[in-house]
Amino acid sequence: MAVGARALLGSRGGSPASSPQLGGRSRSQPPPAPFGAPGHGFRRVTLTKPTFCHCCTDFIWGLAGYQCEVCNFMSHEKCLKHVKIPCSCIAPSLVRVPVAHCFGPPGHYKKKFCTVCRKQLESLAFRCEVCELHVHTDCVPFACSDCRQCHQDGHQDHDTYHHHWREGNLSSSARCEVCKKTCGSSEVLSGMRCEWCGILAHASCYIIVPPECTFGRLRNMILPPNCVRLVSRNFSKMHCFRISESLQTEPDEDEDVDGLTQGSVISTDSSKQTLKIFDGNDAVKRNQFRLISVPRIAKSEEVVEAALRAYYVNDDQQHYELQTFSQQTLFSDDIINRNDATEETNPGPVFREVVPEAWIIRAKPKDHEIIRIYPGWLKVGMAYISLRIDKESTTETVIKEVLLQLGRQTECLQNFKLLEVLMGSKQVQRMVLDDQEMILSRLKDIRKTSIRQMTQTRFYIVENNKSVVRVNLFVGGLPPQLSAEEYTNILKDDLAIKTNLLSLSHVYSMQGAVVLEMSCFSEAERIYMLAKDTMVNDKQLTATVIPEVLHTKLPQNCCPLLVFVNPKSGGLKGRDLLYSFRKLLNPHQVFELTNGGPLPGFHTFSQVPYFRVLVCGGDGTVGWVLGALEEIRHTLVCSEPSVAILPLGTGNDLGRVLRWGAGYSGEDPYSVLISVDEADDVLMDRWTILLDAQEAVESAENGILEPEPPKIVQMNNYCGLGIDAELTLGFHHAREEEPGKFNSRFHNKGVYVKVGLQRISHTRNLHRDIKLKVDQHEVELPSIEGLIFINIPSWGSGADLWGSDHDNRFEKPRIDDGLLEVVGVTGVVHMGQVQGGLRSGIRIAQGSYFRVTLLKPIPVQVDGEPWIQPPGQIIISVAGPKVHMLKKSKQKPKKTGSLKETRTDSVSVTEVGR
């Protein structure tokens with residue numbers, strides 16, 4: 001019987017994968033190949049359609065193919081000896097340091113393959129937000145906890161990092177660093193890539209690449225993992241990397257998260273029987289099962305073997321048995337061998353007339369066992385120690401035996417502890433075992449809970465040092481301009497904080513934020529969760545887990561890039577950029593602005609001696625970040641970091657001036673980072689605008705009319721009065737009414753045009769409603785409808801409002817000359833002509849200090865933020881020191897012949913091949 005390439009892997013209810021088919025082995029075919037070094041169970045299969053070899057990526061036809069019965073790895077017979085990729089069933093045992101994955105919302109990922117079952121992702125699947133792992137929803141429990149280690153968590157402390165290899169999902173043009181041949185494929189899961197430096201290699205070549213990773217071309221921009229410390233025992237990876245939980249989507253109504261669904265693949269062959277298999281009590285409680293399809297005349301060993309394969313358990317089937325769902329003995333004794341009789345030559349069928357609904361895999365009791373004890377972080381130069389344990393073995397006797405084998409038998413047993421580690425794909429759980437814990441009984445309990453969890457459980461011996469617990473939590477949204485004592489009282493009232501367990505390490509009074517340093521995990525978790533549901537003065541609090549950057553360990557030439565992304569900008573392209581930058585850099589240096597603003601990022605980098613900033617958003621987002629930088633500049637060791645822009649807004653005038661383009665249109669994020677690294681440092685003026693309204697307003701407290709207090713805003717690009725601000729205000733109102741429609745530049749500009757056409761016939765005499773004084777000199781205004789102060793040579797999505805004509809009255813404008821240019825426009829038609837390049841504005845003045853007197857309420861906008869300003873004074877002056885910006889270099893990156901050469905440093909063949 002021919003068995004297809006996709007008909008061997010079991011699936012839990014609802015999985016898109018097919019069920020394993022037993023009995024499909026032809027009599028002319030050899031028996032299954034034994035488990036080799038990578039743990040595969042290969043057998044020859046007859047292919048009814050061409051498929052691809054996972055080793056060499058060439059076609060396989062007819063009887064020339066071998067397939068792993070567990071993970072679906074396909075190979076030519078000639079390639080079997082070159083297979084280096086381990087089977088999914090033994091992959092957990094090969095993990096060096098267990099690190100859980102950070103799965104985002106389920107989605108559809110075209111031409112991606114599942115890392116566990118190696119099949120294409122044709123339905124909803126998960127991807128890790130930190131590494132390149134992609135898995136089916138059904139395969140998540142079987143994924144290794146082998147994510148990138150992005151920080152120290154108190155358990156490991158090392159300065160040398162090895163390559164972190166991830167298999168497959170490479171582009172078809174990817175080339176191997178060792179042999180220079182194509183190693184990527186869009187048809188199968190093949191090829192290897194280091195997730196830090198980006199080096200590419202074949203699965204058969206990567207093992208000869210030098211193990212030490214230098215972080216590749218971006219090494220100076222990456223925040224090294226050994227320089228980041230975050231003790232995160234009770235926090236999920238989503239919390240640690242500040243990934244917005246609002247990204248999570250609700251499952252569709254027709255998608256069942258457990259149990260059997262309509263999408264399950266059930267055998268229609270009358271000679272086969274489909275069974276539901278649970279791997280323990282936990283699966284029964286959750287109603288999470290996997291389906292296997294077996295012949296009705298299958299031997300007991302074949303059924304148990306199929307059940308183990310469905311759960312990726314690489315163990316001898318003789319150590320396991322199946323029990324009915326009701327815990328009763330099965331109809332046939334052959335399947336569980338409870339009669340202590342030797343099997344007959346031709347045993348009868350397992351199923352005769354009555355078939356139970358479900359079965360549970362159980363491990364047979366053992367009187368002794370061999371377990372592995374990992375020295376972990378004792379730095380003894382060995383991976384693990386194998387010990388024989390029996391019913392009398394306790395934690396204390398195991399520690400004693402391990403110390404004896406390590407040659408440290410003279411040390412006190414109380415100085416060590418045995419740690420049980422469950423390496424789940426979503427969370428790595430650690431538990432200290434009691435000294436009198438019976439180890440064999442503990443293993444029995446784990447297997448009873450879940451056979452699969454046993455394969456993901458390790459035991460570590462660690463020194464019993466009292467580690468100092470220190471968790472930093474950034475809390476924002478508090479009332480501004482209060483003292484530390486007042487903030488403490490607010491937190492006591494609203495969050496019931498325990499002052500004996502925490503302290504206020506930093507207070508940002510102007511921004512209404514504090515940093516809490518806590519010495520208790522439980523208290524940190526409680527405050528984090530409670531703050532997200534707490535309002536103070538009708539304002540929502542924000543809570544962010546802050547890592548500690550060990551600035552003294554940063555390499556000498558390291559200049560890490562602090563990335564801010566506004567996910568609401570650029571038609572939601574910000575979300576894709578968040579994902580890309582977290583993978584290319586350390587996720588701890590990428591901050592989402594909707595989660596607490598820019599202040600948590602600046603606080604995290606406050607002790608870094610030299611860093612740069614990348615702002616992904618529109619001009620308003622850039623102004624937000626620059627304003628926050630100005631406010632806390634005095635608290636930063638690097639008080640003047642250079643700022644680059646990835647424009648995601650509508651106008652993007654500042655991005656145009658600094659050569660970053662009119663807007664992001666899907667360029668390779670890696671190329672963006674290279675451009676930032678090669679950008680030139682330039683200075684730019686920033687301006688302070690004092691708004692002093694003379695019109696009295698009614699006080700909220702006593703109802704008495706009082707003068708409106710002066711307001712100060714910062715300006716980077718331009719400030720407009722009159723028709724310019726009126727159009728911006730109209731756009732602002734339209735966006736507030738239907739915010740969901742404003743997700744593309746094309747639509748936004750269309751709304752601007754519509755608002756402009758509605759006001760094309762309006763006539764205003766702005767020059768009669770305002771008075772202008774420049775550098776203490778009165779300036780007579782011409783007949784205009786709009787007055788605009790410009791700091792950069794770009795306005796209204798790239799228009800040159802000042803013009804390029806030479807004028808002896810004024811100096812040539814520059815962004816760092818300490819001068820503003822004052823330009824007038826006569827109306828909407830004039831503005832349209834300027835944006836079309838047909839005319840320029842009316843040049844009025846150039847200076848460094850401006851006073852505008854408003855005689856009546858007039859629309860005003862500063863960098864795209866509009867409002868109606870009451871009569872009074874507007875004073876514009878230079879704001880403090882100039883800000884350092886990054887201007888994209890004109891020099892284009894050198895073209896190279898391979899993808900790897902653009903992503904990593906060159907590694908010679910002689911270096912990796914000898």
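In what follows, residues are counted from 1 in the order of the sequence shown. Because the structure is a prediction, the values reported are computed rather than measured.
- Side-chain N or O atoms of His202 include none that pairs as donor or acceptor with a backbone N or O of Arg175 at under 3.5 Å.
- The backbone N or O of Cys616 sits nowhere less than 3.5 Å from a side-chain atom of Asn566 that would complete a donor-acceptor pair.
- Between atom CE of residue Met885 and atom CH2 of residue Trp660 there is a gap of 10.0 Å, rounded to the nearest 0.5 Å.
- Although no hydrogens or angles enter the test, the distance criterion places no donor-acceptor pair under 3.5 Å between the side chain of Glu548 and the main chain of Arg229.
- Between Ala524 and Met518, the shortest heavy-atom distance links the atoms CA-SD, 3.5 Å.
- A distance-only check finds no donor-acceptor pair linking the side chain of Lys112 to the backbone of His134 [under 3.5 Å].
- Checking side-chain atoms of Gln152 against main-chain N and O of Asn226 turns up a donor-acceptor pair under 3.5 Å.
- Residues Phe241 and Cys150 meet the side-chain proximity criterion, which asks for heavy atoms closer than 4.5 Å.
- Side-chain atoms of Leu629 and Pro641, non-hydrogen and from C-beta on, do get closer than 4.5 Å to each other.
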For this session: Check step by step if side-chain contact (heavy atoms from CB on, under 4.5 Å) holds for Gln607 and Val549.
Result: CA-CA 8 Å; Gln607 299 302 311; Val549 178; over 6 Å; no
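- For His151 (side chain) and Val231 (main-chain N/O), no donor-acceptor pair under 3.5 Å exists by modelled atom type.
- Arg217 has a carboxylate O that lies under 4.0 Å from a charged side-chain N of Glu678, or vice versa, which qualifies the two as a salt bridge.
- In this structure, Arg127 forms a cation-pi arrangement with Tyr579, its terminal cationic atom sitting closer than 6.0 Å to the ring centre and no more than 45° off the ring axis.
- Using a 4.0 Å cut-off between charged nitrogen and carboxylate oxygen, Arg148 and Glu132 do not count as a salt-bridge pair.
- Phe602 is listed as a side-chain neighbour of Phe564, based on a closest heavy-atom distance under 4.5 Å.
- Residues Glu129 and Pro105 form a side-chain contact, since some pair of their non-hydrogen atoms from C-beta on lies under 4.5 Å apart.
- The SG atom of Cys240 sits 5.0 Å away from atom CG of Leu230, with the distance rounded to the nearest 0.5 Å.
- With a 4.5 Å cut-off on side-chain heavy atoms, Asn169 and Phe113 count as touching.
- Here Ile815 contributes atom CD1 and Ile792 contributes atom CD1; the two are 8.0 Å apart, rounded to the nearest 0.5 Å.
- Considering all non-hydrogen atoms of both residues, Pro86 and Leu94 come closest at CB-CD1, 3.5 Å.
- The nearest pair of heavy atoms linking Ser665 to Glu667 is OG-OE2, 3.0 Å.
- With hydrogens and angles ignored, the 3.5 Å screen pairs a side-chain donor or acceptor of Asn791 with a backbone N or O of Asn716.
- In this structure, the side chain of Asp685 does not engage the main chain of Val878 through any donor-acceptor pair within 3.5 Å.
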Problem set entry | Arg575/Glu592 under side-chain contact (heavy atoms from CB on, under 4.5 Å): CA gap, chis, key distance, verdict | CA-CA 9 Å; Arg575 297 217 181 276; Glu592 185 178 345; 3.6 Å; yes
Exercise. Would Asp653 and Asn717 satisfy side chain to side chain donor-acceptor pair (under 3.5 Å), going step by step from the backbone distance to the final call?
Worked result: CA-CA 8 Å; Asp653 289 294; Asn717 300 351; 5.4 Å; no
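- The heavy-atom pair separating Glu167 from Leu189 by the smallest distance is OE2-O, 3.5 Å.
- A donor-acceptor contact shorter than 3.5 Å is absent between the side chain of Thr115 and the backbone of Leu133.
- Rounding to the nearest 0.5 Å gives a distance of 8.5 Å between CG of Leu599 and CD1 of Ile546.
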Exercise. Stepwise, does the side-chain contact (heavy atoms from CB on, under 4.5 Å) test hold for Leu578 with Ile243?
Worked result: CA-CA 9 Å; Leu578 273 170; Ile243 298 175; over 6 Å; no
Exercise. Passes side-chain contact (heavy atoms from CB on, under 4.5 Å), Leu562 versus Leu614? Steps please.
Worked result: CA-CA 6 Å; Leu562 175 59; Leu614 173 62; over 6 Å; no
Under 3.5 Å, side-chain donor or acceptor atoms of residues 506-513 against the rest of the protein: list the pairs with distances, not counting sequence neighbours.
unit_1: Tyr508; atom_1: OH; unit_2: His603; atom_2: ND1; d: 2.7
unit_1: Ser509; atom_1: OG; unit_2: Gln481; atom_2: N; d: 3.4
unit_1: Ser509; atom_1: OG; unit_2: Leu482; atom_2: N; d: 3.1
unit_1: Ser509; atom_1: OG; unit_2: Leu482; atom_2: O; d: 3.1
unit_1: Gln511; atom_1: NE2; unit_2: Glu631; atom_2: OE1; d: 2.8

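- Between Trp165 and Tyr206, the ring planes are perpendicular. Angles over 60° get that label, and only those under 30° would be called parallel.
- For the pair Leu223/Leu554, a side-chain contact is recorded, criterion being any heavy-atom separation below 4.5 Å from C-beta on.
- For the atom pair CZ of Arg166 and CZ of Arg193, the computed distance is 10.5 Å after rounding to the nearest 0.5 Å.
- Between Gly655 and Asp619, the closest heavy-atom pair is N-OD1, 4.3 Å.
- By the 4.5 Å heavy-atom criterion applied to side chains, Asp146 and His101 are counted as neighbours.
- Note that the CZ atom of Arg242 and the CZ atom of Arg582 stand 8.0 Å from one another [nearest 0.5 Å].
- By the 4.5 Å heavy-atom criterion applied to side chains, Leu886 and Val676 are counted as neighbours.
- Taking every heavy atom of both residues into account, Ser794 and Arg656 meet most closely at OG-CD, 3.8 Å.
- In this structure, the side chain of Lys583 engages the main chain of Cys128 through a donor-acceptor pair within 3.5 Å.
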